[in-house]
2 protein chains.
Amino acid sequence: MAADVDNWHTRLRASGHRLTPQRQLVLEAVAKLGHATPEAIVHEVRQTASAVNISTVYRTLDLLEELELVSHAHLGHGAPTYHVTGVDPHVHLVCGACGAIQEISPERLAGIVGELRAELGFVVDMDHLTLAGRCAECLALGRR
Amino acid sequence: MAADVDNWHTRLRASGHRLTPQRQLVLEAVAKLGHATPEAIVHEVRQTASAVNISTVYRTLDLLEELELVSHAHLGHGAPTYHVTGVDPHVHLVCGACGAIQEISPERLAGIVGELRAELGFVVDMDHLTLAGRCAECLALGRR
DNA sequence: ATCACTGCAAACCATTTGCACGGCT
DNA sequence: AGCCGTGCAAATGGTTTGCAGTGAT
């Protein structure tokens, strides 16, 4: 945890930025929440610092994404969800009927991902990957 | 083409709806454009019928999607893109740096898709699938 | 003194909704 | 008559931007 803070600090300083309280709180919120929308992040951050503005959260997330400290994926139709990069990488399976989210290992996609890189030179961004579909339960119940 | 119109007509009537001029134009626009945002669709539709409102386009797309005549995928961060179902199914590779879009055959994902169905009972919606990443050119030029 | 960073409010863009009119069935 | 479908305008949700003040270097 403290090691994370040091790491974040170094990363930001190296690119001419500061690790402000707001930024630290955003990073901690993203790390804690796992899959978090900007709305959820600002809510979490405000538990500690109630005055933090949502536009600061957006600006922070943009910056952190440029620095590759966080990345985002689109799980549903609404807001994107952010997560810290490198930690527990996973691919999402999102049920379009009930909204349930399962995670699978990126390893399982190693096959095609490797082929695409070899044949087309296209490198898939695993952090951003989402597979939409229908979960077993919804299929069994005939939900759509 | 005329066969398509008949098919659409039948499908709509079967579910208690009508194939209005607006709906036909939306369907034709989606079929013609291939990957179209609601904005692009309304623009195309207005070439023929200038008074069509964008909310009609949204409502029409929702209806057509329920009837499974069209489906949508999220290519970029912005608006979703619609396409007619069943025709030329494909999976998109979207470059996050330059925005270029390539298409690959869904067959190439048959492996994991089959595994996920067998092991988890999760059925992937191929029409909705997008793989984000970096294309060969952007990687070569070091773009991000 | 300069420049990064933030809060606030307004602007923006995509999408949705309420309502009243018009036209099928 | 009843109901589906539409245009219009207002509301909404998510995100971005301009600006002025504050604090770090």
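In what follows, chains carry the letters A, B, and so on, assigned in the order in which the sequence lines appear, proteins first and then strands, with residues in each chain numbered from 1.
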Subject >> Interface with DNA chain C, restricted to residues 36-48 of chain B and to heavy atoms under 4.0 Å >> reply: P38(B)
Original post:
Is there a side-chain contact between N53(A) and Q22(A), using heavy atoms and a 4.5 Å cut-off?
Top reply: no
Subject >> Strand-adjacent residues in residues 57-71 of chain B, judged by heavy atoms under 4.0 Å from DNA chain C >> reply: Y58(B), R59(B)
Original post:
Roughly how many Å is it from CD1 in I54(B) to C1' in dT6(D), rounded to a whole number?
Top reply: 14 Å
**OP:** Grab the NE2-C1' distance between H72(A) and dT15(D) for me, whole Å please.
**Re:** 13 Å
Original post:
More than 12 foreign heavy atoms under 6.0 Å from CD of E65(A): is that the case here?
Top reply: yes
Original post:
Are H92(B) and Q102(B) side-chain neighbours, meaning at least one heavy-atom pair lies under 4.5 Å?
Top reply: no
**OP:** Go through dA24(D), dT15(D), dG7(C) for me and flag the one nearest to the N53(A) side chain.
**Re:** dG7(C)
**OP:** Rounded off to whole Å, could you give me the CG-to-P distance for the L19(A) and dA24(D) pair?
**Re:** 13 Å
Original post:
Please give, in whole Å, the distance from dC4(D) C1' to L12(B) CG?
Top reply: 12 Å
Original post:
Is it the case that one hydrophobic cluster holds both I101(A) and V113(B), taking links as side-chain heavy atoms less than 4.5 Å apart, direct or via other members?
Top reply: no
**OP:** Could you check whether P21(B) gets within reach of a base, just the sugar-phosphate, or nothing at all, counting any heavy atom under 4.0 Å?
**Re:** nothing
Subject >> base_contact_polar (dC4(D) base, R18(B) side chain, donor-acceptor, <3.5 Å) >> reply: yes
Original post:
In terms of heavy-atom contacts, does CD of E115(B) have more than 12 from other residues, nucleotides or ligands at under 6.0 Å?
Top reply: yes
**OP:** Scan residues 22-30 of chain A against DNA chain C and write down, sorted by residue number, each residue with any heavy atom closer than 4.0 Å; if none is found, say none.
**Re:** Q22(A), R23(A)
Original post:
Would you say H43(A) has more than 12 foreign heavy atoms packed within less than 6.0 Å of its NE2?
Top reply: no
Original post:
For T56(B) and dG7(D), is the shortest distance between a side-chain N/O and OP1 or OP2 below 4.0 Å?
Top reply: yes
Original post:
Does CD in E103(A) sit with more than 12 non-hydrogen atoms of other residues, nucleotides or ligands closer than 6.0 Å?
Top reply: yes
Subject >> R13(B) side chain, from C-beta outward: closest of dG7(C), dA4(C), dT25(C) >> reply: dT25(C)
**OP:** Ignoring backbone atoms, test whether S55(B) places a side-chain nitrogen or oxygen under 4.0 Å from the OP1 or OP2 oxygen of dG7(D).
**Re:** no
Original post:
Between the main-chain N or O of D127(B) and the side-chain N or O of H83(B), is there a donor-acceptor pair closer than 3.5 Å?
Top reply: yes
Subject >> Cluster link V123(A) to I104(B), ILVMFWY, side chain under 4.5 Å >> reply: no
Original post:
From L116(A) CG over to R108(B) CZ, what is the distance, rounded to the nearest 0.5 angstrom?
Top reply: 5.5 Å
Subject >> Given R11(A), R13(A), H17(A), the one that forms side-chain hydrogen bond (donor to acceptor under 3.5 Å, both in side chains) with S15(A) >> reply: H17(A)
Original post:
Nearest-Å distance, NE2 (H9(A)) to P (dA24(D))?
Top reply: 13 Å
